[in-house]
Amino acid sequence: MFLGFRISEVLALTIGHVLHHGQIRSHVALPPRFLKGKRGDTRSVPIGPELHRALEHYLAQRARKHALSPTEPLFRSRFHAADGGSKPITRSMAEKIIKRTFHVISDDTQGLSSHSLRKSWAMRLYEASGHDLLIVRDGLGHRSVAVTQVYLPTARARVESLILKTDWTRRHPRRSESAA
């Protein structure tokens, strides 16, 4: 919700991606090997105030149970890897957690998923940027604005309002010679 990452990218995050020498980083940076397509540039997104507060709270809870290691998954599973190390939660577990959270907010969660959070982030960035598709494209890590546009549904009420404001057949008064 606060990074615009895909669920696979979120699950690839480690403690070291968000915490450095006990301090929350200013940015979360994911190298291409963690991104869809596994190529391109490292994707870096600033950690805003909402995410900063959430990470502080979450990491403080984790630190009370045991010391935090930079290589540990940010969202740790209760299951362990074959070598005894920590594993990240699975995609299906993340989806279940997100669905449960959506149910707290509303009884109607039809069509909501982890990807809904990414789309919400894109819409918020679109509004905050003054409707700049290029900023949203770069924020989402897309190569094409055409893909980005799919994330930004038009508000039907806004479309209708703008249509009703248009009057292409009305003649506009001519400017007088003295006004020129």
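The structure presented is a predicted model; accordingly, all values stated were derived computationally and were not measured. Note: hydrogens, waters and symmetry copies are ignored here, and every other heavy atom, side chains too, is used.
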Quiz prompt | Separation between CG of L3 and CG of L117, rounded to the nearest 0.5 Å | solution = 11.0 Å
Exercise. Among residues two or more places apart or on two chains, list those pairs meeting side-chain hydrogen bond (donor to acceptor under 3.5 Å, both in side chains) that have a residue in residues 22-31.
Key: H20-R25
Quiz item: Linking I/L/V/M/F/W/Y whenever any side-chain heavy atoms sit under 4.5 Å apart, do F2 and I105 land together?
Solution: no
Self-check item: Distance-minimising heavy-atom pair for T42 and P31
Solution: OG1-CA, 3.6 Å
Quiz prompt | ILVMFWY cluster, V104 and F102 together (side-chain gap under 4.5 Å) | solution = no
Quiz item: Does any pair with a residue in residues 6-20 pass salt bridge (Lys or Arg N to Asp or Glu O under 4.0 Å), and if so which ones, sequence neighbours excluded?
Solution: R6-E9, E9-R43
Quiz prompt | Nearest atoms (heavy-atom pairs only) where S69 meets I15 | solution = O-CB, 3.2 Å
Exercise. Name all residues meeting the ring-ring contact (aromatic ring centres under 6.0 Å, His included) criterion together with H115; count only those two or more places apart in sequence or in a different chain, and write none if there are none.
Key: Y151
Self-check item: All side chain to side chain contact (heavy atoms under 4.5 Å, CB included) counterparts of R100, not counting sequence neighbours
Solution: M93, K96, I97
Exercise. Report the residues that fulfil side chain to side chain contact (heavy atoms under 4.5 Å, CB included) with S114, sequence neighbours left out, ordered by chain and then residue number.
Key: I7, E95, I98
Quiz item: In chain order, what residues pass the side-chain hydrogen bond (donor to acceptor under 3.5 Å, both in side chains) check against S144, with sequence neighbours excluded?
Solution: none
Practice problem: Over all heavy atoms of both residues, which pair between I135 and S129 is shortest? Give the atoms and the distance, please. | Solution: CD1-CB, 4.0 Å
Quiz item: So if you build clusters from Ile, Leu, Val, Met, Phe, Trp, Tyr with side-chain heavy-atom gaps below 4.5 Å, do V136 and V145 land together?
Solution: yes
N/O donor-acceptor pairs under 3.5 Å from side chains in residues 52-61, not counting sequence neighbours:
{"residue": "Y58", "atom": "OH", "partner": "R62", "partner atom": "NH1", "Å": "3.1"}
{"residue": "Y58", "atom": "OH", "partner": "L74", "partner atom": "O", "Å": "2.7"}

Exercise. Would you give the length of the straight line joining atom CG of L125 to atom CG of L133, rounded to the nearest 0.5 angstrom?
Key: 10.5 Å
Self-check item: CH2 on W121 to CG on L140, rounded to 0.5 Å
Solution: 5.5 Å
Practice problem: Using the test side-chain hydrogen bond (donor to acceptor under 3.5 Å, both in side chains), find all partners of S92 that sit at least two apart in sequence or belong to another chain. | Solution: T90
Quiz prompt | salt bridge (Lys or Arg N to Asp or Glu O under 4.0 Å) contacts touching residues 114-138 (sequence neighbours left out) | solution = E50-R124
Self-check item: side-chain contact (heavy atoms from CB on, under 4.5 Å) between T71 and T14, intermediate numbers included
Solution: CA-CA 6 Å; T71 59; T14 64; 5.7 Å; no
Practice problem: Would you please name every residue forming a side chain to side chain contact (heavy atoms under 4.5 Å, CB included) with V10, sequence neighbours left out? | Solution: F5, F75
Quiz prompt | side-chain hydrogen bond (donor to acceptor under 3.5 Å, both in side chains) contacts touching residues 76-86 (sequence neighbours left out) | solution = H66-R76
